Novice: 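My structure is below; once you've seen it, I'll send some questions.
Counting convention: from 1, in listed order, for ligands and their atoms alike. Computed from a predicted model, the values in this text were never measured in an experiment.
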Amino acid sequence: MIPQTSSRASRPQPLTPEAIQSGLKTKQFGQTLHVYDRIKSTNTTALALAEQGAPEGTVILADSQTQGRGRMGRHWISPPDVNLYLSIILRPDGDPQRIGLWPLAAAVAVARTIEQATTLPARLKWPNDILIHGKKVSGLLLESAIRNGRFNYLVLGVGLNVNLTRDVLPDSLRNSVTSLRKELGRELDRVELLQRLLEQLELQYQSFQTEPPRKVLEAYRTLSETLGRPVTVLDHAGEWTGEAVGLTPEGALILRRDDQKEVIIRSEDVVHVRPSHAARD
Ligand code: BTN
């Protein structure tokens, strides 16, 4: 478990490269590290650095973002001093077809980090939202560049609500978003959490590259909040209700619609997936 922050009240501990790298047990992830106080979006900066040839495992971290981006062009609320906003540059060898599985593997890594650091029960909402007690605590944004049928690079962005308090959230998100602090009732040390997160992500990335795809799917299934549940899926073609019955080998969701027809839902097409009984995303 990660201990409480040493500051008694809520004086935020600064995210400095020295503090982060001094206790970091990774080979690559975060060994090249760019830390910003304030930045538009760590993913945007990571994409630019990747284009310039930054090495695999380079991490871009910001204390706050002015234009944090979520899936489907959504905004990611990124106030200073409280959360983790980071992007990692990856240069995988594998077949780009398989990459649908990597966000699932990364979601497993985030969930495991949370569980190990806090003992809170982190669960996964397909495709890659991390929930605690049904509320979103973390989201992933994956962006890639493919050239000649191979990955040139891939950027994994992670937003994790660590010490966020409700008052900074708009009313519309208060019932669906949470933070580790809110669930635990105490603050967490962001530096230690980041170190553990980078270690887990690196571990998952290595397994992902070497193990058969079914391993990722097995790990994902055990943490899934979506599979076996009645869900409503909104995609570009419309809104469907049914049961989430499985995952394809590529990590797409298999939905058995109410008319018993099974359809495959790809994460790129999904606006949201929600439990059928819930009022909103
Ligand atoms: C989502 O759930 O919609 C994905 C959210 C991803 C947010 C992170 S914060 C760090 C990185 N930089 C961004 O602009 N977005 C990702």
Novice: N/O of Q67 under 3.5 Å from N/O of ligand 1, yes or no?
Specialist: no

Novice: Could you tell me if any non-hydrogen atom of R74 lies under 4.0 Å from any atom of ligand 1?
Specialist: no

Novice: Output the list of atoms in ligand 1 that are nearer than 4.0 Å to some heavy atom of G70, sorted by atom number.
Specialist: 1 (C), 3 (O), 4 (C), 5 (C)

Novice: Going by atom types only, do Y153 and E56 share a side-chain donor-acceptor pair under 3.5 Å?
Specialist: no

Novice: Note the single closest protein heavy atom to atom 9 (S) of ligand 1, along with its residue, its atom name and the distance in Å.
Specialist: Q65 NE2, 3.4 Å

Novice: Atom 5 (C) of ligand 1: which protein heavy atom is closest, and how many Å away?
Specialist: W76 CE3, 3.4 Å

Novice: Give the atoms of ligand 1, by number and element, whose distance to some non-hydrogen atom of R69 is under 4.0 Å.
Specialist: 5 (C), 6 (C), 7 (C), 13 (C), 14 (O), 15 (N), 16 (C)

Novice: Are side-chain N/O atoms of R266 and T248 paired as donor and acceptor at under 3.5 Å?
Specialist: no

Novice: Would you name the heavy atoms of L104 and P127 that are closest together and state the gap between them?
Specialist: CD2-O, 3.2 Å

Novice: Short list, please: which atoms of ligand 1 are under 4.0 Å from a heavy atom of R71?
Specialist: 1 (C), 3 (O), 4 (C)

Novice: Record the part of T44 in heavy-atom contact with ligand 1 below 4.0 Å; permitted values are side chain, backbone, both and neither.
Specialist: neither

Novice: Is R181 salt-bridged to E187, cutoff N-O under 4.0 Å?
Specialist: yes

Novice: Evaluate side-chain hydrogen bond (donor to acceptor under 3.5 Å, both in side chains) for Q209 paired with D93, printing each intermediate quantity in order.
Specialist: CA-CA 8 Å; Q209 302 243 71; D93 287 334; 5.5 Å; no

Novice: Quick check on contacts: which atoms of ligand 1 are under 4.0 angstrom from a heavy atom of G68?
Specialist: 14 (O)

Novice: Find all atoms of ligand 1 within a distance of less than 4.0 Å from any non-hydrogen atom belonging to T42, and give their numbers and elements.
Specialist: 10 (C), 11 (C), 12 (N)

Novice: Based purely on interatomic distance, does Y85 place a nitrogen or oxygen under 3.5 Å from a nitrogen or oxygen of ligand 1?
Specialist: no

Novice: With a cut-off of 4.0 Å, which atoms of ligand 1 are near a heavy atom of L86?
Specialist: 10 (C), 11 (C)

Novice: For S87 and T42, work out which heavy atoms get closest and say how close.
Specialist: OG-OG1, 2.7 Å

Novice: Answer with yes or no whether K136 contacts ligand 1, where contact means a heavy atom under 4.0 Å from a ligand atom.
Specialist: yes

Novice: Kindly list each side-chain donor-acceptor pair under 3.5 angstrom involving residues 27-38, sequence neighbours excluded, with atom names and distances?
Specialist:
unit_1: Q31; atom_1: NE2; unit_2: T26; atom_2: O; d: 2.9
unit_1: Q31; atom_1: NE2; unit_2: T26; atom_2: OG1; d: 3.1

Novice: In the structure I gave you, are the side-chain heavy atoms of L169 and L164 within less than 4.5 Å of one another anywhere?
Specialist: yes

Novice: For residues 73-128, which residue pairs pass the ring pair (Phe, Tyr, Trp, His ring centres under 6.0 Å) check, not counting sequence neighbours?
Specialist: W102-Y205, W102-F208

Novice: Looking only at protein heavy atoms, identify the closest one to atom 8 (C) of ligand 1 and say how far it is in Å.
Specialist: G159 N, 3.6 Å

Novice: Is there a side-chain hydrogen bond (donor to acceptor under 3.5 Å, both in side chains) between T165 and D167 once you walk through the steps?
Specialist: CA-CA 6 Å; T165 47; D167 49 298; 2.7 Å; yes

Novice: Output the list of atoms in ligand 1 that are nearer than 4.0 Å to some heavy atom of L140, sorted by atom number.
Specialist: 4 (C)

